[in-house]
Amino acid sequence: LLSSIPDALGILLSVQGVAVLILGTTLGIVMGALPGIGSTVAVAMILPFTLTMGQAPAVLLLIAVYAGSVYGGSVSAILINTPGTPQSAATCLDGYPMAQRGEAGIALGWSTVASVCGGLASALLLIFAAPQLAAFALNFGPIETFALVLLGLTCIVSVSEGSLIKGILAGMLGLFLSTVGGDPITGEARFTFGYFPLISGFNLLAVVIGVFALSEVLTRVSQKIDTAGALVQFSGIVLPKLAQWKGRMGNLIKSVAIGCGIGVLPGTGAATAAFISYAEARRSSPNAEAFGTGEPDGLVASEAANNAVTGGALIPTMALGIPGDAVTAVMLATLTLHGVSPGVRLMTDNPVLIAAIFTGFLIINILLLPLGMLVSKVAAPLLRMRESFMLAAICVLCVIGVYFVRGNPFDLLIMVCAGIVGFLLRRKGFPMAPLVIGMVLGPTLEISLRQGLIITDGSFSAFFTGHPIALVLVLAAAGMLSLPLIRFMRQRRSN
Amino acid sequence: MNNAAALVGRSSLSLIILIVGCALLASTMGKTYADLGGAFSPVFFPRIILVGWIVMAALSVISDALGNKESGSTQWGTVVLVSVSLFVYIQLMPLLGFFIVSVVFCDWAEKAAGYSRFLSGNTGLTGGFV
């Protein structure tokens with residue numbers, strides 16, 4: 001990886017590289033600040049515009065939007081008490097009371113510095129931990145890969161908010177969608193029912209945009225919620241002075257550690273990290289009673305943790321090809337669309353790409369400080385935009401994104417259908433991330449399973465007798481699946 | 001009778017998914033696909049997935065029927081109007097060009113959404129940022 005850094009820097013310091021880093025972070029902050037867009041929708045909307053770029057700038061643009069949007073969510077959380085992204089929900093607790101006191105600039109200053117620290121620490125963790133994990137996974141054959149993907153799919157369990165059954169069912173729908181079209185071994189068309197446009201399968205891009213962005217639009221127009229915002233004064237970010245950090249460094253370090261740790265676990269997410277970190281800061285703080293009334297420690301805890309998750313979540317994604325949440329699933333989809341196979345060989349086969357992504361991620365987190373100060377001032381007036389206009393604009397952007405990639409009207413039809421089906425599924429409590437994870441991991445799972453069975457003459461039990469790593473991974477997957485059941489039994493016993 | 005209707009209503013989507021899963025599995029049983037046997041068969045993997053789909057959909061139907069969680073109120077008229085507008089938009093765009101159709105769609109979709117609440121939730125915020 002180290003030997004590829006000069007080439008990676010060449011990509012990053014090119015005009016396109018610099019533009020991608022600055023533009024992506026800026027767009028991420030603005031989109032994160034707009035309530036209703038969120039990190040997943042932001043990344044899904046930007047995805048089609050990356051298809052004309054090279055592999056590294058494309059992934060970097062998405063990572064910049066991701067990191068920027070996680071930070072951007074704090075802008076609306078602090079200024080209008082409406083988190084731009086779910087990750088920033090904990091930021092409202094102390095950020096908005098500070099803004100009401102006329103300290104919006106100071107609150108955004110605390111959140112900016114905490115976000116930058118959290119993001120930088122997670123970038124360093126990504127750079128040092130991911131190669132170790134990838135090196136371990138290099139010896140994996142088809143059987144181990146099958147077991148690994150199976151374990152990856154069990155992260156569906158953890159992203160299945162609400163219903164485990166519906167989460168697994170959504171994953172099954174995604175896995176099935178990945179089988180439509182040509183069979184990877186025989187080439188025979190499957191489930192096309194004589195309809196020619198389906199021969200190349202469902203366009204991943206159209207499905208991702210449909211189920212995330214369009215279904216979000218339909219969900220928003222289906223509910224009439226009155227958000228309660230109040231007048232606040234904001235004239236720009238005021239960074240906290242060094243002396244003000246006295247007594248808060250321990251909280252910052254602890255929050256960063258919580259965010260990084262939770263980020264590595266597939267499916268746990270930045271929102272969980274922010275709330276756990278907030279609860280821990282409150283528990284250990286001498287000013288515990290001030291939490292919720294505008295205590296900077298609360299802001300530092302939630303913002304440092306949610307930004308620290310970004311790098312942590314990229315570790316299993318880049319090292320093993322296992323997306324932990326919806327955003328990293330979209331990133332893997334991007335790699336697939338760019339002809340890069342996500343999986344255990346990703347880092348070995350694409351050292352320059354990976355070095356560029358890692359170094360770029362570090363730079364993006366440094367850029368958050370100046371761009372955060374500049375862009376939040378510009379983004380704040382955007383909060384005056386009418387929501388119905390924003391939703392219509394999202395629809396138009398989705399259409400541009402999907403249509404202008406291949407110029408195929410059938411992709412638009414898939415996108416709108418995916419949006420409507422996604423809306424209906426979400427309304428009934430089906431999570432959408434497992435569907436995309438299933439669609440992304442489906443081809444690898446199918447090929448590794450069928451190759452493994454061909455190697456073992458059709459004996460599935462031979463998968464585990466001579467392959468201890470596969471056995472451990474499958475046991476871990478079984479453990480992950482049984483966790484919610486154990487939790488349910490415990491809860492029932494305690495009740 | 002009302003209870004039965006409510007039960008079906010609650011689990012209607014899972015029921016549809018179950019029926020679609022069964023139909024897709026049945027479609028793999030005919031002579032449509034080459035019978036290469038075992039892992040070589042093009043429908044070997046989809047069949048495993050479809051069996052899983054059917055099992056989970058059946059469990060979902062049961063859990064929906066047993067649960068008494070009703071979905072929140074939905075503005076169905078608005079959703080249908082916006083969805084139809086989207087279909088018309090994507091049909092007209094290749095014929096009439098992007099610009100005109102998109103402008104008309106934006107204007108229409110805003111009206112179809114039926115509200116003009118501000119992201120800030122308070123129009124007074126306009127003067128709030130100094």
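Letters go in sequence order (proteins before strands), and every chain restarts at 1.
- Most heavy-atom pairs under 4.5 Å with chain A, from the set Ser85(B), Pro46(B), Ser27(B): that is Pro46(B).
- Between chain B and the options Ala393(A), Cys417(A), Ala392(A), heavy-atom pairs under 4.5 Å are most frequent for Ala392(A).
- Side-chain contact between Glu188(A) and Val43(B) is absent, with no heavy atoms from C-beta onward closer than 4.5 Å.
- For the pair Phe423(A) and Val79(B), the minimum side-chain heavy-atom distance is below 4.5 Å.
- In terms of heavy-atom proximity, Phe176(A) sits nearest to Ile49(B) at N-CG2, 3.8 Å.
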Exercise for the section: Dump the intermediate steps for side chain to side chain contact (heavy atoms under 4.5 Å, CB included) on Asp107(B) and Phe389(A), then the final yes or no. Expected result: CA-CA 8 Å; Asp107(B) 188 49; Phe389(A) 176 75; over 6 Å; no
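- Contact of Trp108(B) with chain A is not made at all, since no heavy-atom distance falls under 4.5 Å.
- Taken to the nearest 0.5 Å, the CG atom of Leu412(A) stands 8.5 Å off from the OH atom of Tyr89(B).
- Here the CE-CD1 distance, from Met56(B) to Ile168(A), works out to 4.0 Å after rounding to the nearest 0.5 Å.
- For Ser60(B) against Phe430(A), the heavy-atom pair with the smallest separation is OG-CZ, 4.0 Å.
- Closest heavy-atom contact between Pro42(B) and Arg190(A): O-NH1, 2.7 Å.
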Exercise for the section: Would you check, one step at a time, whether the test side chain to side chain contact (heavy atoms under 4.5 Å, CB included) holds for Thr78(B) with Ser222(A)? Expected result: CA-CA 6 Å; Thr78(B) 315; Ser222(A) 74; over 6 Å; no
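- To the nearest 0.5 Å, atoms OG (Ser14(B)) and CD1 (Ile165(A)) are separated by 9.5 Å.
- Residues Lys166(A) and Asp64(B) are paired through a salt bridge, judged by an N-O separation under 4.0 Å between the basic side chain and the carboxylate.
- At a threshold of 4.5 Å between non-hydrogen side-chain atoms, the residues Ile90(B) and Tyr403(A) do not count as touching.
- Within the model, atoms CG of Leu397(A) and OG of Ser102(B) stand 9.5 Å from one another, a figure rounded to the nearest 0.5 Å.
- Contacts of Thr28(B) with chain A are made by side-chain atoms alone, with heavy-atom separations under 4.5 Å and no backbone atom involved.
- A distance-only check finds a donor-acceptor pair linking the side chain of Arg450(A) to the backbone of Ser41(B) [under 3.5 Å].
- Ranked by heavy-atom pairs shorter than 4.5 Å toward chain B, the options Asp183(A), Leu218(A), Ile420(A), Val396(A) are led by Val396(A).
- Taking CG of Leu413(A) as the reference point, atom CZ of Phe87(B) lies at 6.0 Å (rounded to 0.5 Å).
- With chain B as the partner, the residue from Leu214(A), Leu173(A), Val180(A), Val217(A) showing the most heavy-atom pairs under 4.5 Å is Leu173(A).
- The environment of CZ in Phe99(B) is sparse: at most 12 heavy-atom neighbours from other residues, nucleotides or ligands sit within 6.0 Å.
- The CG atom of Leu169(A) lies 9.5 Å from the CG atom of Leu59(B); values are rounded to the nearest 0.5 Å.
- Residues Gly52(B) and Met172(A) share a closest heavy-atom pair of CA-CE, 3.9 Å.
- Applying the 6.0 Å contact sphere to CD1 of Ile454(A) captures more than 12 heavy atoms from other residues, nucleotides or ligands.
- For the set Thr179(A), Val399(A), Thr219(A), Ile185(A), the entry with the most heavy-atom pairs within less than 4.5 Å of chain B is Val399(A).
- Both the backbone and the side chain of Leu24(B) come within less than 4.5 Å of a heavy atom of chain A.
- Interface residue Leu424(A): backbone and side-chain heavy atoms are both found under 4.5 Å from chain B.
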